[in-house]
Amino acid sequence: MSQDKFSYEKIYMQEVELFNSIVGRYSGLQENDILGAYKLMRDSLQSYNRWSKIKYDIKKDLGRGEATAVKIRLEEICKYLKEVHITSRMIWSRGKDDLKSCKEE
């Protein structure tokens, strides 16, 4: 199989740009940024879904032992996006609860 087929950075440029945006926003996320956490939570889940599909599409066309590094990298991207989603959801939920309790006081 051609190595060009596995250049997901070129084929999936829009997804790579969103992933890089998520990485940047996550690294700057503050625990009191409720809106940022919500957007990151939403975007990371959508991006996870897309990268999961990309991983599936690539893996189904490969034989055992082919493009192992690409398979591993795609798995890492999916794991990272899942962790970003979970962490962002926790920040958003805590912030939302904090706002709610402040309004009740």
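Just the heavy atoms: all of them, side chains too, but no hydrogens, waters or symmetry mates, feed the values below.
The shortest heavy-atom contact between L40 and Y26 is CD2-CA, 3.6 Å. K59 and K71 get closest at one heavy-atom pair: CG-CG, 4.0 Å. The heavy-atom pair separating I91 from A37 by the smallest distance is CG2-CB, 3.7 Å. Closest of all the heavy-atom pairs between S44 and L81 is CB-O, 3.8 Å.
Atom OH of Y48 is separated from atom NZ of K79 by 10.0 Å, given to the nearest 0.5 angstrom. With rounding to the nearest 0.5 angstrom, the CD atom of E15 is 12.0 Å from the CD atom of Q46. I54 CD1 to N49 CG: the interatomic distance, rounded to the nearest 0.5 Å, is 10.0 Å. For the atom pair CZ of R25 and CG of D43, the computed distance is 4.5 Å after rounding to the nearest 0.5 Å. Of the inter-residue distances, the one linking E83 atom CD with S88 atom OG reads 10.5 Å to the nearest 0.5 angstrom. Here the straight-line distance linking atom CD1 of I22 with atom CG of L45 works out to 9.5 Å at 0.5 Å rounding.
Ring geometry for W92 versus Y38: interplanar angle of 30 to 60°, hence tilted.
Other residues, nucleotides and ligands place more than 12 heavy atoms under 6.0 Å from the CD atom of E76. No more than 12 heavy atoms of other residues, nucleotides or ligands shown are found within 6.0 angstrom of CD on E31. Around NZ of K55, the count of heavy atoms belonging to other residues, nucleotides or ligands within 6.0 Å exceeds 12. The local environment of CZ in R42 is crowded, with over 12 non-hydrogen atoms from other residues, nucleotides or ligands closer than 6.0 Å.
With K60 as reference, D57 is the one residue of D57, I58, L62 to meet the side chain to side chain contact (heavy atoms under 4.5 Å, CB included) rule.
The main-chain N or O of M90 is never found under 3.5 Å from a side-chain atom of S93 such that the two would form a donor-acceptor pair.
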